Each structure stands twice: as structure tokens, then as C-alpha cells.
Amino acid sequence: MLSRPDEYGKYGIYGGKYAPEVLMSALEELEEAFNSFYSDKSFKEKLDKFLRTYAGRPTPLYFAKNLSEMCGARIYLKREDLVHGGAHKLNNTLGQCLLAKRMGKKRIIAETGAGQHGVATAMAAAVLGLECEIYMGTEDIERQKLNVFRMDLLGAKVNPVDSGSKTLKDAINESMRDWVTNVENTYYLIGSVVGPHPYPLIVREFQRVIGKETKEQILEAEGRLPDTIVACVGGGSNAMGIFYEFLEDEEVELIGVEAAGKGLETGEHGASLCAGTEGVLHGMYSKLLQDEHGQIKQSYSLAAGLDYPGVGPELAYLAESGRVKMHSTTDEETLRAFEMLSRKEGIIPALESAHAVHYALEEAKIKVKERKESLIVVNLSGRGDKDIFVVEEVLGDKE
Amino acid sequence: MTLEEKFKELKKKNEKALIGFITAGYPTAEETTKIADALIRGGVDILELGLPFSDPIADGITIQRASESSLRAGMNTDLYFDVVAGIKGVEKVCLTYYNLVLQRGLERFVNDCESAGISGLIVPDLPVEESKPLLKLCEGYETDLIFLIAPTTTEKRMAKILDAASGFIYVVSLLGVTGAREKLSDTIHPLIGRIKERELSRDRDVPLAVGFGISKQEHVKTVCEVADGAIVGSAFIRLIEEGLRSEEKNMLREVEAFAKSLKDETKIA
């Protein structure tokens, strides 16, 4: 299971390189560069140092005492919300910006949905002295003004994308078009485990640090591996990051939680694995939300970071093989978990991460009923400051 | 007639191929047939009909807008084949993205192409490495799978593409997406040179047609000096767009006249 992907970038039937001809040589170049630099000791040392002294790693594994007492399970939170910038995204952008620099590329482009990846890219580019442009759907710019302002302050240029659904998927389309045009001097920094090979591999490798730390930390705290690890899934980078180190520990249950939005039955959701079908989008063969002809459907979630009609190919493979089990959480359930964690632990989670928190609370209840002990780790992938206005608006509507 | 036969026929007449592209269903399915007829009257030798996809990553803003508009007006794969089957008097090529081929089923898609009289299929997000299943099917039908070669294509990949290619090779003139440009890319000559050398060494003789950014008579003329055909897409779509906005202009007549002016440039004096 650990040797995936194969030489064609496939995870079982998923993955691959479905990219325009102009980009094929750039993808080959990227794969070669990644393979040579990633095994290079000085590259690793440099990245480790940035992760430690700049990003704030290792992040704590926090025992959520109040939450645990309330629901009768032992719940730990992997505090990726404490990474500089407020989410796990910086692990990947630092890695890829260092890679870009080694490759001699001076210009970084990236897509962003909620803006977290855009902010993390802008930070890494700023600290490493690279030029940075971010593509963001006009719909998302409206929803996430705070992050737009942050990117601006960090010296990145935000290019609004007004085509299609004006959200993350269209920002990816536009980034690919930019890359096709400027491929010779530009590095395209994808923010999740999606896209053509080798991106799903690169992003997974740079996010693996989450799972590596978690494993050490839980063994130290509890003397055993957890029963369950829960992570939210949009594209899947925080999930792959925490799952990967545990793939071969069969006794550890791995749970991915997708956005059920207004309910899977309404069609307004972002659950590509729970409710999608196989197809090709953004250079990868994976599970997608699409109509019977293959036109991509608009996804929906209150959490902009889960509002994507596709998912990483490796997760599609792991879900199909049964190693990772997929669930989904609605907006409403998410908001309850969002408030619960804020009040009980004094931690305001990102709406994305609150999806995983909700699942963990439900899982704990079931285990208590079955009179089973349960040790659960939730990947708290980001903090919720960016979401407070969205939440205020929704909760305000109800009052 | 196969596409390669078409290129041979043109060669006998001392002509190169004018290849026109329009998005099927833009502005409507009915108009597509009329626009196609105008292009044929104007002298287009091969007509590429785009089956629009919601996420066309290889296309610039002109074709993106046309695709969105076509999908909103109700275009889908079933309707596409109906419309295309009704267009006669020209060699037809289907251009679409791989997901639409996949969802119909590869065999059904190729079979529908043949039934609609389509002699070539271009899938810009299907590189040669991923093309085996579709390529194998196309070999059993009278539909060629057409590959693209770009300025960034390495020698190693070019060899693989030439071995798989039939119909013609779509030479991408520049680094970028589709769309009319003011100036012709200066990478065309060296690129064509590289491909021809490679063809010679592999004993292949697939016609070369150049596309992306070709929008003017002088572009077509220059391209036809070195290649076997010129592909013009966004420039036609722009004419259609403008025609829709203006009441005075007779869009079909303009499309026909523009096609004719371009076709004249493909004739070797």
C-alpha cells in the first residue's frame, strides 16, 4: 500500500496525468525535481528548519478533556490550527516553494477556495522571496474577504476568476491556463492532493508530517495507537497527511468526513466520495460530482474549503479498498460542533474541521452505548477566525 | 473520405487545408447548422465541432464563453451527435474533453462519431500516455484519434505521439490556451522543423496542421508555407459573438466571407 502511486501516477485505477500536451514536459520535470530534491538531505534539513522555526511545528496533540468527559470517549485534537497562517496548508506551501526555488522558478501561482491555501502560498512565497499570484473565484472573494486582504498584505496579487461557478474549481481551471501560458518560468503550487501526477504525491509527502507527529505523540500520551482517526475531506490533503502513517496499522480505523451541505439527498453538497462517480477533472481520474453526460456539477458547502466537486485520487483508491471509511456531515451538524468546540474547549475550529469534530462526537456516543472504550484523534486542520462572519450570518438568520 | 485522403486531395490541387472550429450549440443547435453551412460555403475543408465541457482548461476566454453559453442553451452529448450528423459537405472532426468521452463509454462515443460522419477526434486533455484504450477503439472505426504536439513536447514524447498519430497532427503554435492573437508565434517554424525531422526518421508522413492564436489572413498564409493546414477557431467564434450583438450585421454572411478570405491564403500561387 505504501509504494503507491505506480510509475504512471496511478493509485489503482485512479490518478494519472490527464493534462494538455503543453504541460506534459513540465509535469515530468516536476516529478524528476521532486524525486531528486526530496531525497536530498540538505533539502530536508532546510524544510524541517522552516517547519520548526517559521511554521511552528511540531503542533501539539491536545487531549480535549471537557469534550471527552462530556461524551465518554478519549478525544485528542491534532492542532494544525496552530500552524502559522491558521491551517495545515503551510506544510505543503513551504515544501513546494522550496522545491520551486531549487528548480529555478521565480514565479508562483496558486488557486484558492476559502483563501487558506492562498494565504499559505503568499506567506511561503514572501519568506522565500518569490513572486506570487493567486487565482480565486469571485464568489469566494466575496465570502472570504479577510483572506483576500491578508494575501494582499503578504504581497501576493489576487486575480479574480469570473468564469463557471466562480469558485475553487474555476480557480484551478484558470491557474492551469496561466501555467500553460507561463510554464517556462512559473511554478504551479497546487494546494491539495488533487491534479495530475505528481501533485497528489507531492502534496501528500509534504503533509505526512501531520501523521508522523501524531503517531509519536499518541504513543507517548496513551502508550497505544488510537482506535479512530477522523479528518475532513475536500480535496483531501489534511486527511492524507494524517492517515498516511497509519495505513498499515490495520487496527486504526481511518474516517474521512465530506461535506453533506444541505443534505446528500438535496444534491447540494461536496461529497464526491460518498455520492460521486468516476471521471476525469483537473488532470486526474477520480470520483466527481457530475451529470450523466459528464458535465461537472456545482458543489456546495458552508465550508468553502470543502466546496469542490472532486477529490484526491489516492483517497478515492483508499475509500474503494475500504481502508478509509467515508462519512458526511451537513452544514447544520457542523455548526453544532463548531459551537460545541468553541464553548467546551475554547477553540474556534475552521468550518471544514468542524465536520470531523461532529463525526468524532457521534462516534463517541455510539461507543459509549456499546460500552466500548474509545480513543479518537481528530485532525483539527484549521482555525475558524476566517469563518466567524459566515457563521454569524447563518446563526443570525435563525434567531 | 479519411482525413489523410482529404489532405492528399488538397495537395493535388496545390492547396493547404483550412480547418475551422466552432462550438456546437453556440448560440443554439439550429444556428450551428447554419454557421457550419456558411463556413463550408466559405471554403473550409475540415470543420472541427466542439462538444462543450463545463471545465475547458485548454481554452481561452472566447471558447470558454461559447461553451458556457452552449451548455446553458441545452447542448449535451446526445444532441451534439444529432446536430453534427445533419452537417454535410465537409470533413468533420469532434473536439471535446476526455470526461465526456468516458461518461458516454469509449466504444459508444467512437461508434456515435462514426455514425455522425465524424472522421477525427481531438481530446486535448488526453495525452498519448493515457490514450491507449481510446486509440485501440478508434483503430477499429473510421475515426482517427488526433494528437497534439506543443513547443514543449520533448523528443522522446514526440516519437511516441508520431507512432500513435493518424489523420493529422494538431501542432500547438504557442505556450498558452486557444484564442485569437495579434501576432503569430515565432516558435512555429522551429517546431515544424523538429516534427518533420522526427517524421522522416520514423518514416511517418502524418499531415501537420497548426492551431492556437491564428486569426488573420497573413497568419494563415505564413502557416501554410510550412505546414499542411491552418486551424482557426476563436476568430470565428468572435465573429459570431459580434454578429449576435449587432443588428445591422449579417453574421452568416460575415462568417462566410471571412472563411473565404482565409481559404484564399491556403492556395499555393
Side-chain angles (χ1 to χ4, degrees), chain A residues 7-10 15-29 161-166 168-186 195-197 277-286 288-298 309-310, chain B residues 51-61 64-65 67-68 71 75-80 96-105 109 122-132 147-158 160-161 169-179 212:
Chain A
E7 59 178 312
Y8 302 102
K10 294 267 164 84
K17 266 191 243 189
Y18 297 86
E21 181 58 33
V22 172
L23 295 182
M24 291 303 285
S25 61
L27 291 169
E28 280 173 11
E29 183 196 352
V161 178
D162 205 28
S163 57
S165 60
K166 304 170 191 196
L168 178 58
K169 96 177 160 68
D170 309 282
I172 296 180
N173 292 341
E174 213 48 46
S175 303
M176 285 193 156
R177 291 182 188 117
D178 181 315
W179 200 31
V180 164
T181 310
N182 302 298
V183 62
E184 287 169 320
N185 70 351
T186 297
H197 178 67
T277 51
E278 288 167 22
V280 167
L281 176 68
H282 295 150
M284 61 180 175
Y285 188 90
S286 191
L288 313 174
L289 302 178
Q290 56 185 331
D291 72 11
E292 76 268 30
H293 296 289
Q295 305 293 349
I296 305 305
K297 280 193 201 163
Q298 202 163 328
Chain B
L51 165 58
F53 179 46
S54 51
D55 294 80
I57 51 171
D59 285 304
I61 190 69
Q64 278 176 55
R65 274 203 303 253
S67 298
E68 279 179 24
L71 288 171
M75 181 47 68
N76 64 45
T77 312
D78 293 327
L79 183 57
Y80 174 84
T96 195
Y97 287 81
Y98 194 45
N99 199 42
L100 300 189
V101 183
L102 266 178
Q103 298 314 319
R104 195 165 189 83
F109 197 97
I122 307 173
V123 190
D125 61 343
L126 186 70
V128 68
E129 288 84 348
E130 306 283 0
S131 70
K132 263 187 208 133
F147 288 93
L148 294 88
I149 289 182
T152 49
T153 303
T154 56
E155 297 299 320
K156 206 173 139 200
R157 298 198 65 260
M158 197 182 283
K160 269 194 233 173
I161 294 168
I169 286 170
Y170 193 131
V171 181
V172 178
S173 75
L174 45 77
L175 300 181
V177 291
T178 59
F212 280 46

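Just so it is clear, the model here is predicted, and its values are computed rather than measured. Here is the naming used below: chain letters follow the sequence lines, and residue numbers restart at 1 for every chain.
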Walk me through whether B:E130 and A:K10 qualify under salt bridge (charged side-chain N to carboxylate O under 4.0 Å, His left out). CA-CA 11 Å; B:E130 306 283 0; A:K10 294 267 164 84; 2.9 Å; yes

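- A:H282 is linked by a ring-ring contact (aromatic ring centres under 6.0 Å, His included) to A:Y308, counting only residues two or more places apart in sequence or in another chain.
- At a threshold of 4.5 Å between non-hydrogen side-chain atoms, the residues B:P151 and A:E21 do not count as touching.
- In this structure, B:D55 and A:L281 have side chains that are in contact, with non-hydrogen atoms separated by less than 4.5 Å.
- When side chains are defined from C-beta on, A:V280 counts as touching B:D125, because their heavy atoms get closer than 4.5 Å.
- Contact record, B:P127 with A:Y18: CD-CA, 4.0 Å, taken as the closest heavy-atom pair.
- Interface residue B:I149: only backbone heavy atoms are found under 4.5 Å from chain A.
- If you measure heavy-atom distances from A:E174 to chain B, the contacts under 4.5 Å come from the side chain alone.
- For the atom pair CD of A:Q295 and OG of B:S67, the computed distance is 9.0 Å after rounding to the nearest 0.5 Å.
- The line from CZ of B:F53 to NE2 of A:H293 is 13.5 Å long, rounded to the nearest 0.5 Å.
- Proximity to chain A is limited to the backbone of B:L174, based on heavy atoms less than 4.5 angstrom apart.
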A:M24 and B:T152: CA distance, side-chain angles, deciding distance, side chain to side chain contact (heavy atoms under 4.5 Å, CB included) verdict: CA-CA 8 Å; A:M24 291 303 285; B:T152 49; over 6 Å; no

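- For the residue pair B:E68 and A:S163, no side-chain donor N or O sits within less than 3.5 Å of a side-chain acceptor on the partner.
- For the atom pair B:Q103 CD and A:D291 CG, the distance stands at 8.5 Å (nearest 0.5 Å).
- Looking at B:D59, only its backbone comes within 4.5 Å of chain A, counting heavy atoms on both sides.
- Residues satisfying the salt bridge (Lys or Arg N to Asp or Glu O under 4.0 Å) criterion with B:E129, sequence neighbours excluded, are B:R157, B:K160.
- Separation of atoms OG (A:S25) and CE (B:M158) is listed at 10.5 Å; rounding is to 0.5 Å.
- In this structure, CD1 in A:I172 is found 10.5 Å from CD1 in B:I57, a value given to the nearest 0.5 Å.
- Contact annotation for B:Y98: only side-chain heavy atoms (C-beta onward) come within less than 4.5 Å of a heavy atom of chain A.
- Using a 4.5 Å cut-off between heavy atoms, B:V177 contacts chain A through both its backbone and its side chain.
- Of the residues considered (B:L126, B:V101, B:T153), B:T153 shows the highest number of contacts with chain A, using heavy-atom pairs under 4.5 Å.
- Between B:L148 and A:V22 there is no side-chain heavy-atom pair separated by less than 4.5 Å.
- Ranked by heavy-atom pairs shorter than 4.5 Å toward chain B, the options A:P196, A:G283, A:P20 are led by A:P20.
- Proximity to chain B (any heavy atom under 4.5 Å) is shown, for A:K297, by neither the backbone nor the side chain.
- Contacts of B:P56 with chain A are made by both backbone and side-chain atoms, with heavy-atom separations under 4.5 Å.
- Ranking B:V172, B:I61, B:L102 against chain A, the residue ahead of the rest is B:L102, based on heavy-atom pairs under 4.5 Å.
- A salt bridge does not link B:R104 with A:E292: none of the charged nitrogens is closer than 4.0 Å to a carboxylate oxygen.
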